Amino acid sequence: MYSQFFRLDQAPFSIAPDPRYLFMSERHREALAHLLYGVDGGGGFVLLTGEIGAGKTTICRCFLEQIPANCNVAYIFNPKLTVNELLRSICDEFGIVSAHQGPGQATVKDYVDALNAYLLRSYAEGRNNVLIIDEAQNLSADVLEQLRLLTNLETNERKLLQIILIGQPELRTMLARPELEQLAQRVIARYHLDSLSEPETASYISHRLAVAGLIADSPFPQKMMRRIHRLTAGVPRRINLLCDRALLGAYAEGKRKVDRPIVAKAAHEVFDSGKPVERVKTPRWRYAALGLMLIATFLGAAAWIQYAGASFTNLESRGGKLSAAMPEIVEENLSEPMPQPAQATTVAPAAPTALADVNELMNGNASDENTGYRELAKLWNVALGEGESCEAAKNANLHCYKGNGGLAEIRRLDRPAMLVLRDTENMPHYALLTGLTNTGATLRLKDVDHAVNLLALGRSFQGEFTTFWYAPNTYRTILRAGDQGADVDWLMAQFSKMNGVKEPPPNQVFDQAMIKQVREFQVVQGLEADGVVGPQTFMHLNNSAGIKEPRLQHATAAMNAASEK
């Protein structure tokens, strides 16, 4: 399969429901917030709509995992039912036994009476009841009217049943009909889940590749992201289909990079658009290889789907959240020479042995921001005082980098980071990320390591992080054409070492030849090849030059155990 060709641990764009790839964009998080609000909304309807493949079921899955312990949930995923069938299904989901007096089958009244009695008992016990109906665009008008009547089950204080409708965009059109106006007026929260934006599409692709184990530069150049977004309209499922076929096409062509003709051909094959396709001349032996790869891919996908289906039926999954916002960068100049420290050491607590719940960790364990900075600086053997942060770190020529690119960016930078974790009320908490694998992570809180899986982390981590890096002499934030000085000399010295040539004399100018070298380096590192040296390029240069800075742990027993959860 192409996974080995691109040095991946597994295929990154399978449509099988693998929770390790859960991706929560800002839109997904906002949709989830609407559902969680609805649980405490005191009854009525909550409406979530979105295009096919936009991630509605992903949101539902996350919602189910965050339902409070005092909530009973009934989940209906096949709503093409009559009124009687729907009521019977609801009673079955809640474990309600209905009684029927006399001959014949149970009636609507039998089911409603039994449901009402159950809801009253639950209310007396302090429990809430939530009914979730997926694919709700398939509900008939008479079933929708019956659902409205169910919201009439109430006490003097509150309604007894919360109903969540999840469906495609036509559900909104249905509820706009005059005959359903009474139901529409009982919608207490509604959200339409749009597709991913172009930057989010790029982050989505990068994240799935990172989770799949990519350690080299991405096979998808940045310039291809706009085209992929346009062809898929930012719909995650369509992105998976297109990118999977594009990687297969690149493998068949023997190319390490997916180019425009490969993407065009993949789109034609996957979407059958009928539009002209840029033709790629392929030797006959490669067509045979492609055929063999298609067979292997089909067999592998079938085996995985059979395995995953038992645990994740009717659920989609994405990877942990990757925001597309550009990083904020602290812009300051330094005149002190760059230190050559001894290998940075870390506090070495006992290795984690069990998976931890991220929300529980945040409750009383997470640090405040200044404490987080101090704990992060300790990994660089730098001691910050009480209340000190980035500004104080500059005294040790240590600079802050504030990113918003999530785990994919941290994985590329390969250095510990202080994560901003958000609780259910969107309040920030801070924890150190010291280890990262394809399936799990290690969070350090108060000098204790805790193993978490990426799915659990993704629900609290929105992509914000801070890390440190050593800057070269007279660091000025950005180097570009025409610059001159000690930091340019340092830059040229690093490239000379990498190229095995003699180091040039001092006071060199950042010329066109240097721009070319920088661009080539940026391409290899998966960065934007703009020929400008900013903090990300500096950090990658530090890694390549062997500057002694702390690195992420990439494998521990506890993190590997996360893949089994």
Side-chain angles (χ1 to χ4, degrees), residues 1-15 21 23 53 195-273 275-283 285-287 289-294 296-297 300-301 318-319 322 324 405 408-409 411-412 519-530:
M1 295 179 66
Y2 66 71
S3 297
Q4 292 183 348
F5 181 77
F6 291 106
R7 290 186 291 175
L8 299 167
D9 295 335
Q10 54 192 275
F13 297 105
S14 169
I15 61 174
Y21 289 90
F23 179 84
S195 303
L196 301 178
S197 65
E198 184 180 322
E200 286 171 336
T201 297
S203 294
Y204 176 81
I205 292 171
S206 296
H207 176 72
R208 292 192 71 100
L209 288 167
V211 173
L214 183 69
I215 57 175
D217 55 316
S218 172
F220 292 94
Q222 192 64 35
K223 61 185 178 181
M224 283 292 101
M225 296 304 182
R226 176 174 297 180
R227 183 161 180 80
I228 292 173
H229 176 73
R230 187 166 58 248
L231 289 168
T232 62
V235 177
R237 192 179 299 160
R238 290 172 62 89
I239 295 172
N240 283 2
L241 291 170
L242 178 61
C243 290
D244 182 72
R245 186 60 60 91
L247 288 179
L248 187 60
Y251 170 83
E253 291 292 318
K255 295 181 178 180
R256 296 288 179 182
K257 292 289 185 180
V258 173
D259 55 24
R260 186 183 180 91
I262 289 174
V263 170
K265 185 175 181 181
H268 182 79
E269 293 173 349
V270 172
F271 303 138
D272 194 23
S273 62
K275 295 179 180 180
V277 178
E278 297 174 69
R279 303 187 65 83
V280 182
K281 293 182 179 180
T282 307
W285 68 267
R286 285 183 177 160
Y287 283 115
L290 177 60
L292 292 174
M293 290 306 302
L294 284 171
T297 301
R318 303 286 183 267
L322 294 173
E409 185 177 3
R411 194 186 297 273
R412 287 194 299 270
R519 283 177 173 166
E520 291 174 349
F521 177 79
Q522 289 170 329
V523 167
V524 171
Q525 300 299 323
L527 303 172
E528 182 181 357
D530 55 7

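Note that the coordinates shown come from a computational prediction; the quantities given were computed from them, not determined experimentally.
- Side-chain contact between H229 and R226 is absent, with no heavy-atom pair separated by less than 4.5 Å.
- In terms of heavy atoms, A233 sits closest to S195 at O-CB, 3.1 Å.
- Two residues are said to be in side-chain contact when any heavy atoms from C-beta on lie closer than 4.5 Å; S14 and D244 fail this criterion.
- The environment of K223 atom NZ is sparse: at most 12 non-hydrogen atoms of other residues, nucleotides or ligands sit within 6.0 angstrom.
- When atom types are taken as modelled, the side chain of K257 and the backbone of S218 share a donor-acceptor pair closer than 3.5 angstrom.
- Of the inter-residue distances, the one linking R237 atom CZ with I15 atom CD1 reads 7.0 Å to the nearest 0.5 angstrom.
- In this structure, the side chains of L209 and F13 come closer than 4.5 Å at one or more pairs of heavy atoms.
- Nearest approach of S3 to A11, heavy atoms of both residues: OG-N, 3.3 Å.
- A salt bridge does not link R256 to D217: none of the charged side-chain nitrogens sits closer than 4.0 Å to a carboxylate oxygen.
- Residues F5 and L247 form no side-chain contact, since every pair of their non-hydrogen atoms from C-beta on lies 4.5 Å or further apart.
- Inter-residue side-chain proximity for I239 and R208 is flagged as unmet; no heavy-atom pair is nearer than 4.5 Å.
- Within a 6.0 Å radius of CZ in R230, other residues, nucleotides and ligands contribute more than 12 heavy atoms.
- Of all non-hydrogen atoms in A266 and A246, the two that sit nearest each other are CB-N, 3.8 Å.
- Note that the OH atom of Y204 and the CG atom of N240 stand 3.5 Å from one another [nearest 0.5 Å].
- Contact between M225 and I205 at its shortest, heavy atoms only, is SD-CD1, 3.7 Å.
- Here the straight-line distance linking atom NE2 of H268 with atom CG of L231 works out to 12.5 Å at 0.5 Å rounding.
- Contact check for C243 versus V258: no side-chain heavy atoms found under the 4.5 Å cut-off.
- The CD atom of E269 sits 10.5 Å away from the CG atom of L242 when rounded to the nearest 0.5 Å.
- Between P261 and E253 there is no side-chain heavy-atom pair separated by less than 4.5 Å.
- Remark: R411 CZ to S206 OG distance equals 12.0 Å, nearest 0.5 Å.
- For the residue pair P219 and L214, the shortest heavy atom distance occurs at CD-CD2, 4.0 Å.
- Here the CZ-OG1 distance, from R227 to T232, works out to 11.5 Å after rounding to the nearest 0.5 Å.
- L196 and E200 get closest at one heavy-atom pair: CA-OE1, 3.5 Å.
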